[in-house]
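Computed from a predicted structure; not experimentally measured. Note that ligands are numbered from 1 as they come in the structure, with each ligand's atoms numbered from 1 the same way.
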Amino acid sequence: MRDSSFRLVLGIESSCDETACAVLEDGRRLLASEVASQVDEHARFGGVVPEIASRQHLAALFPLLDRTLAKAGVSVGDLDAVAVTRAPGLIGALLVGVSAAKALAYALDLPLIGVNHLEGHLMAARLLEPPPEFPVLGLVVSGGHTALYLIERPGEARLLGNTRDDAAGEAFDKVAKLLNLGYPGGVAIQQTAENGDPRAIAFPRPMLDSRQLDFSFSGLKTAVRQHVSGRTLAPGELADLCASFQEAAVDTLVAKSLQALRRTGLRRWLIAGGVAANRRLREKAQAAAKRNGATLYQLPLALCSDNAAMIAAAGWQRLVDGARDGLTLNAQASEDVF
Ligand code: KG4
Ligand code: ZN
């Protein structure tokens with residue numbers, strides 16, 4: 001099938017706590033990208049409650065689809081293919097998107113493609129102007145994952161390193177919870193850190209002396225817990241603590257990426273996922289890329305956090321490469337190689 005067969009691709013995302021739909025034209029032009037966040041539903045529990053997430057996706061998806069199509073100025077009959085997140089994520093949440101995508105593909109007789117959420121985060125970069133050249137080093141930093149990939153070309157990625165315990169975003173969320181800063185914690189930590197001294201507390205930079213490209217963030221979280229245990233923090237101390245924690249997390253992400261660039265000989269570096277929105281990470285990665293003569297690709301904030309534009313972009317590429325899924329497509333909770 002020629003590329004033009006996939007002029008309008010519908011993307012659907014429901015792997016965690018955002019329901020999202022997008023319509024992408026010709027693989028690069030975003031006609032609409034809508035996100036219905038469930039954050040308020042989960043915030044009072046201090047984290048995502050899987051059963052609530054599934055129910056919310058179910059209620060949100062079809063009204064959101066209508067809104068997305070209206071914004072894009074197209075009707076369901078104009079669509080040429082459906083791309084949906086099939087893994088990894090909360091299984092009940094994923095199933096809502098996968099079932100809806102299968103129903104649409106069946107009813108409209110459209111090609112269907114299941115997309116790995118992490119590949120989606122990375123392939124959001126296809127929407128940049130100019131898009132990245134390949135090969136590129138891809139760092140995915142999200143609430144559930146922290147992983148480094150060597151991406152030879154779209155659709156062909158090799159896992160170089162992964163987190164051994166907590167993901168970077170998870171560490172931000174857990175530290176925020178510990179400090180009563182609310183959920184989700186990444187933005188709250190970033191904001192509190194603005195007035196703090198990043199050198200106030202020397203938190204560990206985990207795995208930095210290891211030759212492996214894996215990450216580990218649970219020790220950093222424990223160090224923060226030990227630091228605050230039994231103490232009441234003054235406002236200035238809280239800012240210093242957040243700034244010092246953020247600095248340790250960011251330094252680790254940047255240093256491991258630089259190790260990976262050196263090890264692979266790559267000169268291009270892409271950072272994706274919710275934590276890629278972090279201002280300090282963006283600044284330090286930019287400075288490190290410049291120092292090391294690497295080209296850094298950073299995404300606009302709306303393409304860092306969960307969205308369906310990235311799923312449509314990754315799905316479009318797979319469809320053009322000839323991949324198809326049948327109505328036996330199923331959701332899968334974990335999958336870090338794609
Ligand atoms: O990619 P994402 O939206 O969802 C997952 O696939 O997990 O990432 C969400 C994660 C959360 O842990 C959130 O706290 C973190 O991204 N995050 C941030 C920032 N914005 C979102 N972490 C640090 N700084 C931020 N500005
Ligand atoms: Zn994500």
Problem - Heavy-atom closest pair, residues Q246 and Q190 - result: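 So the minimum-distance heavy-atom pair works out to OE1-CA, 3.3 Å.
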Problem - For the Zn ion (ligand 2), the closest N/O/S atom belonging to H121 - result: NE2
Handout entry: Flag, side chain of D325 to backbone of G114, donor-acceptor distance under 3.5 Å
Key =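 Pair found, side chain donor or acceptor close to backbone of G114.
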Exercise for the section: Kindly assign one of parallel, tilted or perpendicular to the pair F172 and F245, based on the angle between their ring planes and the thresholds 30° and 60°. Expected result: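 Ring orientation, 0 to 90° scale: perpendicular.
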Practice task
On the 0 to 90° scale, with breaks at 30° and 60°, tag the F215-F217 ring pair as parallel, tilted or perpendicular.
Solution key: parallel
Handout entry: Residues R199 and E247 bridged, charged N to O under 4.0 Å
Key =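 No, this pair does not count.
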Exercise for the section: State plainly whether the residues R28 and D26 are in salt-bridge range, i.e. N to O under 4.0 Å. Expected result: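 A salt bridge is absent here (no side-chain N lies under 4.0 Å from a carboxylate O).
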Problem - Angular separation of OD1 (D306) and NE2 (H117) seen from the Zn ion (ligand 2), to 10° - result: 90°
Quick check for students: name every N or O atom pair between ligand 1 and the protein closer than 3.5 Å, with distances.
from	atom 1	to	atom 2	distance (Å)
ligand 1	1 (O)	H121	NE2	3.1
ligand 1	1 (O)	G274	N	3.0
ligand 1	1 (O)	D306	OD1	3.2
ligand 1	3 (O)	D306	N	3.1
ligand 1	3 (O)	D306	OD1	3.4
ligand 1	4 (O)	D306	OD1	3.3
ligand 1	4 (O)	D306	OD2	3.1
ligand 1	6 (O)	H117	NE2	3.2
ligand 1	6 (O)	D306	OD1	3.3
ligand 1	7 (O)	G143	N	2.8
ligand 1	7 (O)	G144	N	3.4
ligand 1	8 (O)	G143	N	3.4
ligand 1	12 (O)	G169	O	3.1
ligand 1	12 (O)	D173	OD1	3.4
ligand 1	12 (O)	D173	OD2	2.7
ligand 1	14 (O)	D173	OD1	2.7
ligand 1	14 (O)	G186	N	3.0
ligand 1	24 (N)	N278	ND2	2.9
ligand 1	26 (N)	Q190	OE1	2.9

Problem - OH (Y106) with more than 12 external heavy atoms under 6.0 Å - result: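 Result for OH/Y106: open.
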